[in-house]
Structures are given as C-alpha cells and as structure tokens.
Amino acid sequence: MMIIGCDFHPSWQQVSWLDTETGETGEHKLVQASGDAEWFYRQLPAPALIGMEATGNCHWLVDLLAELGHELWVGDAAQIRASCVRQQKTDRRDAEHIRILLQEGRFPRIWMPSSEVRDLRQLLLHRYKLVIIRARVKNELQHLCLNQGVQRKHKLWSQAGQKVLRELPLKPWAARRREDLLGLLAMLDQQIDPLDRAVKEEAQRDKMALLLQTQPGVGAVTALAYVLTMGDVSRFARGKQVASYLGLIPRERSSGGRQKLGAITKQGNRMLRMLLVEAAQTAVRLDPGLRKEYLHRCHQKPKAVAKVAAARKLAVRLYWMLRTEKPYPEVVRIESSPRVPLVGAS
C-alpha cells in the first residue's frame with residue numbers, strides 16, 4: 001500500500017510517498033498545469049492513502065482521487081503544524097511530516113462533505129453573494145435619496161417609494177447612476193428569485209432541514225445552510241464546540257488567573273454566521289424563552305452583543321435538534337436538562 005503526504009498549492013503540490021510493502025520512500029514536485037499530478041495519481045495502485053491539510057481550490061483533486069479509488073484524508077492544518085517541533089518550514093518537510101503522521105496514526109483527520117453536499121453549498125453560496133451585491137445596490141440608491149433630502153428607509157422599496165425615487169430631480173450623471181442602479185437591482189432580483197425557489201425545494205426534500213424549520217425564526221435558507229455546513233453533528237461532543245466551530249464565542253487572552261474576553265473569533269463559515277444572526281433577530285420576537293434572555297442581556301450589554309448571544313443560543317439549539325431529532329418546542333426541555341439521555345447513549 002502507498003502512503004502519501006501531500007503539501008497542496010493551487011499551481012503545484014509536493015508529495016512524499018512510502019511503499020509499505022518494500023519500505024521504499026521518495027518525493028516529487030507535481031505541477032498541475034502540465035498534468036504531472038493527474039499522471040502520478042493515475043499510475044498509483046489503488047487504494048492508496050493520501051493525506052493533506054485542509055485548503056481551498058482542491059475540489060478537482062478530491063473528485064479525481066475518489067474516481068481512482070484512492071482514500072483521501074484531510075487534516076486540521078493548525079494541529080498538523082503544532083505537531084511539528086522544527087521551526088524550519090519548507091514544502092518538502094511539510095509533505096514528509098504529513099506522511100509520517102499518517103504512518104504513525106497521529107494524523108488529525110477532519111470531516112469532509114460529499115460531492116453532492118459541496119454542490120448544494122454552491123447554490124447557497126451563489127445566492128448569498130448575489131444578495132450581498134443587491135444590498136450594496138440598495139444602499140447606493142438610499143444615499144441618492146438622502147442627498148436629495150428624502151428618507152424612506154425600507155419604505156423606499158414599496159411602489160410609492162419607487163415612484164418617489166424615479167421622480168427625484170437629479171443632475172444628468174446622478175440620473176444616469178440612478179437608472180443604472182435600478183437596472184442592476186431588477187437584474188439581481190430576477191436572478192435571485194429562482195435561487196430562492198431552488199433552496200426552498202431542497203429544504204423540503206431534506207428531513208433534517210424540515211426539522212430545523214420547526215424552530216420559530218428559522219426558514220428554509222438558514223435550515224438548509226445549517227444542515228449542509230454542520231454535516232454529521234455527532235462529531236461535536238457538546239454545544240460549546242458548535243459555537244466555537246461557527247466563530248460565535250469570544251476570544252480569550254487570560255493570564256495569571258485573570259480572564260480577559262474580547263470580540264467573537266469569527267472563525268468558520270461567514271455565511272452561516274450571518275444567517276444565524278438574522279434568524280436570531282426574528283426568533284427573539286417569536287420564541288418566549290429566547291426573547292426573555294435577549295431582553296435581559298440588553299439591560300447589561302449593547303444590542304449588538306445581545307444579538308450575537310441570541311445567535312449562539314440558536315446555533316446550539318439547532319445542534320440539539322439535529323442530535324436528538326426532536327422538534328421545537330420539545331427540544332427546549334432536552335437542551336436545558338443534562339439528565340436527559342442522548343439518542344443512542346448507552
């Protein structure tokens with residue numbers, strides 16, 4: 001069997017290999033554009049064990065190795081680096097270090113989504129990017145109105161508000177800007193509408209997404225994004241790990257018995273974190289328990305801090321819903337009582 005450590009880069013990769021039957025070792029630098037990487041993996045006897053750090057722009061390699069019947073392990077980059085004592089860092093040493101971790105059974109493997117899940121994530125990501133662009137276009141139109149002494153806020157997007165916007169007496173280039181922005185807004189709405197329908201259809205087909213939508217404030221987009229991002233929730237031992245995974249916990253710089261907490265870490269998936277904050281603002285209006293905690297925190301902290309705290313509470317609750325497969329409001333009793341056994345617990 002071949003064990004291969006791979007230090008992946010967008011344009012090339014450095015590999016260190018070991019043949020467990022003969023004990024032979026070697027290393028290669030494989031350039032992607034010239035086809036070296038594909039040739040190298042195709043001539044390997046399957047199944048080979050390949051390890052690499054978690055990185056981006058590598059989906060083509062993941063799909064290629066799955067097609068060839070090789071086993072790919074993706075590891076936590078921070079833990080891989082922490083397990084190396086030497087300060088000298090080169091591509092060759094990194095590839096060799098990954099290969100040694102695989103040999104010794106110390107490779108910090110992480111969960112990887114399937115090809116189908118990755119494709120569904122692209123649907124959500126594409127919609128998210130277009131929605132951000134649409135928000136920027138709307139903000140520009142709001143500024144045009146404010147510069148003319150007109151403030152309508154969200155009412156600007158009603159039929160009456162749109163009429164006021166189009167009738168504003170603007171100079172030639174400002175009028176040109178208004179027309180271009182309105183054209184962009186109409187085009188974005190036309191592109192986002194079918195994506196919204198596609199997300200709702202996928203959420204209806206997913207049993208876990210339907211379960212999450214029983215929580216007040218959680219719609220199809222947030223539910224589907226949570227399911228696709230979290231994957232197998234059994235890999236998280238408790239809710240604190242979920243909050244840390246999503247970057248909803250404060251940074252900590254403590255020393256000498258003195259605890260110092262800062263802003264949230266903002267690690268993990270930015271899109272899901274934004275969706276959870278938006279969903280939490282709706283949930284605190286519809287869920288009595290969340291509303292009580294939110295209002296209590298608003299007396300002590302700024303509203304922005306209270307919103308993030310509500311998003312963290314919501315993220316943990318959705319985790320328990322997936323883990324126990326219990327809908328709202330039944331899950332409220334489960335998440336608040338450590339005496340309730342987990343599903344499958346012995």
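- We find the CD-CG distance between Q14 and L30 to be 7.5 Å, quoted to the nearest 0.5 Å.
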message = Go through it in stages, so that I can follow the logic: the residues are C6 and W17, the test is side chain to side chain contact (heavy atoms under 4.5 Å, CB included), and I'd like the CA-CA distance, side-chain angles, deciding distance and then a yes or no.
response = CA-CA 9 Å; C6 174; W17 53 270; over 6 Å; no
Residues 148-162 side chain polar contacts: donor-acceptor under 3.5 Å, at least two apart:
residue, atom, partner, partner atom, Å
S158, OG, K155, O, 2.7
S158, OG, G161, N, 3.2
Q162, NE2, L156, O, 3.2

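- Across all their heavy atoms, Q32 and F8 have their closest contact at NE2-CE1, 3.5 Å.
- E330 places none of its side-chain heavy atoms less than 4.5 Å from the side chain of T324.
- Interatomic distance, K313 NZ to L248 CG, rounded to the nearest 0.5 Å: 14.0 Å.
- Side-chain contact of D7 with H9: a donor-acceptor pair under 3.5 Å is present, judged by distance alone.
- The CG atom of L72 lies 8.5 Å from the CZ atom of R109; values are rounded to the nearest 0.5 Å.
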Audit row: H97, R81, side chain to side chain contact (heavy atoms under 4.5 Å, CB included) steps and yes/no = CA-CA 9 Å; H97 178 57; R81 180 59 184 153; over 6 Å; no
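- Identified under the salt bridge (charged side-chain N to carboxylate O under 4.0 Å, His left out) test for residues 246-260, with sequence neighbours left out: none.
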task = Evaluate the side chain to side chain contact (heavy atoms under 4.5 Å, CB included) criterion for residues L168 and C145: first the C-alpha distance (whole Å), next the side-chain angles of each, then the deciding distance (0.1 Å), finally the verdict.
result = CA-CA 8 Å; L168 284 176; C145 290; 3.8 Å; yes
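- R106 is linked by a side-chain hydrogen bond (donor to acceptor under 3.5 Å, both in side chains) to E104, counting only residues two or more places apart in sequence or in another chain.
- Linking Ile, Leu, Val, Met, Phe, Trp and Tyr whenever their side-chain heavy atoms come within less than 4.5 Å leaves I98 and M112 in two separate clusters.
- Distance check, rounded to the nearest 0.5 Å: CD of Q213 to CG of L318 gives 11.0 Å.
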message = Is there a side chain to side chain contact (heavy atoms under 4.5 Å, CB included) between L261 and I249? Walk through the geometry before answering.
response = CA-CA 9 Å; L261 301 178; I249 63 170; over 6 Å; no
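- Under the 4.5 Å side-chain heavy-atom criterion for Ile, Leu, Val, Met, Phe, Trp and Tyr, V305 and L295 are members of distinct hydrophobic clusters.
- For the pair I80 and P108, the minimum side-chain heavy-atom distance is below 4.5 Å.
- Contact between T20 and I3 at its shortest, heavy atoms only, is CG2-CD1, 3.7 Å.
- The hydrophobic cluster containing V277 does not contain L290, counting ILVMFWY residues as joined when their side-chain heavy atoms lie under 4.5 angstrom apart, directly or transitively.
- Among pairs with a residue in residues 179-204, those fulfilling side chain to side chain donor-acceptor pair (under 3.5 Å) read R127-D196, R134-D189, R176-D180, E202-R205, at least two apart in sequence or across chains.
- Counting only distance, with no hydrogens or angles, the side chain of R93 and the backbone of Q88 share no donor-acceptor pair below 3.5 Å.
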Under 3.5 Å, side-chain donor or acceptor atoms of residues 43-53 against the rest of the protein: list the pairs with distances, not counting sequence neighbours.
residue, atom, partner, partner atom, Å
Q43, NE2, F40, O, 2.8

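- The shortest heavy-atom contact between Y328 and P288 is OH-CD, 4.0 Å.
- Rounding to the nearest 0.5 angstrom, the gap separating the CZ atom in R270 from the CG atom in L275 is 13.0 Å.
- Screening residues 164-173 for side chain to side chain donor-acceptor pair (under 3.5 Å), with sequence neighbours left out, gives no hits.
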key: Test log, rule side-chain hydrogen bond (donor to acceptor under 3.5 Å, both in side chains), inputs E71 and W73   = CA-CA 7 Å; E71 186 175 5; W73 287 13; 2.8 Å; yes
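- Other residues, nucleotides and ligands place no more than 12 heavy atoms under 6.0 Å from the CZ atom of R136.
- Nearest approach of A54 to I110, heavy atoms of both residues: CB-CD1, 3.9 Å.
- Between V137 and L181, the shortest heavy-atom contact is CG1-O, 3.5 Å.
- Across I264 and G247, no two heavy atoms sit closer than the pair CB-O, 3.6 Å.
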For a quick test of your reading: what N or O donor-acceptor pairs under 3.5 Å do the side chains of residues 216-241 make, sequence neighbours left out?
residue, atom, partner, partner atom, Å
Y226, OH, A315, O, 2.7
Y226, OH, Y319, N, 3.2
T229, OG1, A225, O, 2.7
D232, OD1, S234, N, 3.2
D232, OD1, S234, OG, 2.7
D232, OD2, S234, OG, 2.9
R235, NE, M230, O, 3.2
R235, NE, D232, O, 3.3
R235, NH2, M230, O, 2.7
Q241, OE1, A237, N, 2.8

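- Between K307 and Q281 there is a side-chain heavy-atom pair separated by less than 4.5 Å.
- Screening residues 276-290 for salt bridge (charged side-chain N to carboxylate O under 4.0 Å, His left out), with sequence neighbours left out, gives D287-R317.
- Counting non-hydrogen atoms of neighbouring residues, nucleotides and ligands closer than 6.0 angstrom, the CZ atom of R291 exceeds 12 such neighbours.
- Annotation: H28, atom NE2; neighbour count of heavy atoms from other residues, nucleotides and ligands within 6.0 Å is above 12.
- Looking at residues two or more places apart in sequence or on another chain, you find no side-chain hydrogen bond (donor to acceptor under 3.5 Å, both in side chains) involving N269.
- For S16, the side-chain hydrogen bond (donor to acceptor under 3.5 Å, both in side chains) partners two or more places apart in sequence, or in a different chain, are R99.
- Atom NZ of K89 is separated from atom CG of D94 by 4.0 Å, given to the nearest 0.5 angstrom.
- Legend: salt bridge (charged side-chain N to carboxylate O under 4.0 Å, His left out) pairs involving residues 22-51, not counting sequence neighbours, sorted by first then second residue: E27-R92, E38-R42, R42-E67.
- For R273 (side chain) and Q267 (main-chain N/O), a donor-acceptor pair under 3.5 Å exists by modelled atom type.
- Scored by the side-chain hydrogen bond (donor to acceptor under 3.5 Å, both in side chains) test, T265 finds no partners at all (sequence neighbours excluded).
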